[in-house]
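Everything on this sheet refers to the single structure shown next.
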Amino acid sequence: MKNSKQHQNTVFEPAENPDKDLSSENEEITALKRTSDIIFDSGSIISFCKDHTIQCLTIIGQIEGHYVLSPQNKTTKYEHIIPQLVYAEQNEQIDGLLIILNTVGGDVEAGLAIAELVAGMTKPVVSLVLGGGHSIGVPIAVAAKKSFIAESATMTIHPVRMNGLMLGVPQAFEYFQRMQSRITSFVTDHSSISPERYNELAMNTDELVMDIGTILDGKDAVSEGIIDSIGSLEDALDALYSLIDKKRPKAKRKTSRKKS
């Protein structure tokens with residue numbers, strides 16, 4: 001019994017450093033676990049750096065739409081991304097949004113929905129294409145206030161395609177044409193490329209073996225006017241911090257007017 005009591009005293013004796021707050025340690029551990037869970041579930045994280053608080057959002061693999069893809073596919077679910085965009089816009093503590101893209105494309109309507117939300121945000125948004133920003137990933141990349149692409153990254157421009165059975169009737173082809181027009185209009189409205197040049201790249205028959213379209217590397221995407229600049233993570237963050245700092249004085253003036 002005596003040894004048992006000594007063991008209990010050893011376990012529950014106070015920490016050697018009385019200034020160390022165990023409750024704060026537990027809170028930090030809980031916060032780290034919560035952060036890791038968020039990254040695992042949605043590929044998103046909120047980063048705190050000096051006086052800038054940004055949310056990092058990843059668009060990876062294939063953008064999943066109304067149909068659930070195979071478990072073997074790496075996917076980005078639009079029902080996960082859309083609430084996070086609304087959260088970033090409404091949360092006053094978040095100053096800006098960084099979108100990292102490495103996607104092969106995916107569902108057209110889901111991709112356009114994400115792109116429209118990004119374009120409609122009032123907070124500073126910067127996108128960075130790493131690896132690839134193909135197909136419907138192009139509208140998402142250009143929807144940001146400032147877009148970057150790694151020099152080694154690529155972007156594939158091609159017309160709308162559909163898998164599975166399709167009726168060969170005029171109405172079906174008209175539907176494809178209208179959907180392609182929506183994509184072309186969005187990209188050209190949010191970048192420097194003209195509709196004529198974008199359609200020319202999409203309908204190119206000389207480059208892809210099994211398809212029509214064009215593959216652009218980082219420099220070509222910038223020279224064509226689709227992406228703003230060649231850059232890395234550092235460049236994207238610097239641009240985002242700059243946009244945040246430019247926006248802050250306006251917010252302060254509005255606050256002072258309300259107080260007066």
Side-chain angles (χ1 to χ4, degrees), residues 35-47 54-91 94 96-149 153-164 166 175-176 178-191 202 226-227 236 240:
T35 301
S36 64
D37 290 340
I38 292 173
I39 296 174
F40 180 80
D41 292 337
S42 61
S44 174
I45 188 173
I46 297 176
S47 174
I54 65 170
Q55 181 170 351
C56 176
L57 191 65
T58 55
I59 308 291
I60 60 172
Q62 191 164 351
I63 299 171
E64 190 177 82
H66 305 300
Y67 298 97
V68 178
L69 297 176
S70 168
Q72 284 77 27
N73 291 356
K74 183 77 72 174
T75 62
T76 294
K77 299 179 182 295
Y78 79 104
E79 68 267 27
H80 291 174
I81 298 297
I82 289 175
Q84 291 182 68
L85 293 174
V86 176
Y87 174 80
E89 175 70 12
Q90 291 294 306
N91 192 327
I94 296 177
L97 178 67
L98 174 66
I99 300 178
I100 307 291
L101 292 104
N102 187 9
T103 176
V104 296
D107 186 275
V108 172
E109 290 188 346
L112 278 179
I114 295 171
E116 288 285 4
L117 276 179
V118 172
M121 294 182 69
T122 60
K123 290 189 177 179
V125 184
V126 171
S127 65
L128 173 62
V129 179
L130 298 173
H134 305 293
S135 190
I136 201 62
V138 177
I140 299 176
V142 304
K145 304 290 189 296
K146 181 80 173 178
S147 58
F148 290 87
I149 185 171
T154 57
M155 306 184 84
T156 303
I157 313 296
H158 65 77
V160 174
R161 297 169 299 187
M162 179 177 287
N163 296 326
M166 185 186 72
Y175 171 75
F176 274 107
R178 292 172 64 183
M179 184 173 289
Q180 181 61 47
S181 177
R182 289 162 57 196
I183 297 172
T184 302
S185 296
F186 186 92
V187 173
T188 55
D189 287 345
H190 294 85
S191 67
I226 296 175
I227 299 296
L240 183 56

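Throughout, residue positions are numbered sequentially from 1 according to the sequence presented. All values below come from the heavy atoms of this structure, side chains included, with hydrogens, waters and symmetry mates left out.
- Contact annotation: the side chain of Ser135 never approaches that of Thr156 to less than 4.5 Å [non-hydrogen atoms, C-beta and beyond].
- Atom-to-atom distance recorded for His158:NE2 and Gln180:CD is 9.0 Å, nearest 0.5 angstrom.
- Met155 and Ala141 get closest at one heavy-atom pair: CE-CB, 4.1 Å.
- The backbone N or O of Leu240 lies less than 3.5 Å from no partner atom in the side chain of Lys145, so there is not a single donor-acceptor pair.
- Residues Pro159 and Ala202 come closest through the heavy atom pair CD-O, 3.0 Å.
- With rounding to the nearest 0.5 Å, the separation of CG in Leu98 from SG in Cys56 is 5.0 Å.
- Legend: residues meeting side-chain contact (heavy atoms from CB on, under 4.5 Å) with Tyr87, ordered by chain and number and at least two apart, are Ile46, Gln55, Asn91, Ile94.
- Heavy-atom minimum distance, Ala110 versus Glu64: CB-O, 3.9 Å.
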>> Assess the residue pair Ile183 and Leu112 against the criterion (side chain to side chain contact (heavy atoms under 4.5 Å, CB included)); give the C-alpha distance rounded to whole Å, side-chain angles, the decisive distance to 0.1 Å, and a yes or no.
In response: CA-CA 8 Å; Ile183 297 172; Leu112 278 179; 4.2 Å; yes
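- Between Ile81 and Ile63, every side-chain heavy-atom pair lies at or beyond the 4.5 Å cut-off.
- Scanning all heavy atoms of the two residues, the minimum distance from Ile140 to Ile114 falls at CD1-CG2, 4.1 Å.
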>> Using side chain to side chain contact (heavy atoms under 4.5 Å, CB included), reason through Phe186 and Glu116 one step at a time and then give a plain yes or no.
In response: CA-CA 9 Å; Phe186 186 92; Glu116 288 285 4; 3.6 Å; yes
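- Side chain of Glu89 to backbone of Thr122: a donor-acceptor contact under 3.5 angstrom is found.
- Note that CD1 of Ile100 is 8.5 Å distant from OG1 of Thr58, once rounded to the nearest 0.5 Å.
- Contact detail for Val126 and Phe148: the closest heavy-atom pair is CG1-CD1, 3.8 Å.
- The backbone N or O of Gly61 lies less than 3.5 Å from a partner atom in the side chain of Thr103, making a donor-acceptor pair.
- Taking 4.5 Å as the limit, some side-chain heavy atom of Lys74 sits within range of a side-chain heavy atom of Ile60.
- In this structure, Thr75 contributes its side chain and Lys77 its backbone to no donor-acceptor pair below 3.5 Å.
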>> Before you tell me yes or no, could you show the steps for Val142 and Ile226 under side chain to side chain contact (heavy atoms under 4.5 Å, CB included), namely the whole-Å CA-CA distance, both residues' side-chain angles and the distance that decides it to 0.1 Å?
In response: CA-CA 7 Å; Val142 304; Ile226 296 175; 3.8 Å; yes
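- In this structure, the separation between CE on Met179 and CZ on Arg161 is 13.5 Å, given to the nearest 0.5 Å.
- Between Leu97 atom CG and Ser127 atom OG the span is 9.5 Å, to the nearest 0.5 Å.
- For the atom pair CD1 of Ile149 and CG of Leu101, the computed distance is 9.5 Å after rounding to the nearest 0.5 Å.
- Between the side chain of Glu109 and the backbone N or O of Gly65, no donor-acceptor pair lies under 3.5 Å.
- When all heavy atoms of Gly106 and Ile136 are compared, the closest pair comes out as N-CG2, 3.6 Å.
- Looking only at side-chain heavy atoms (C-beta outward), Val118 and Leu85 come within less than 4.5 Å of each other.
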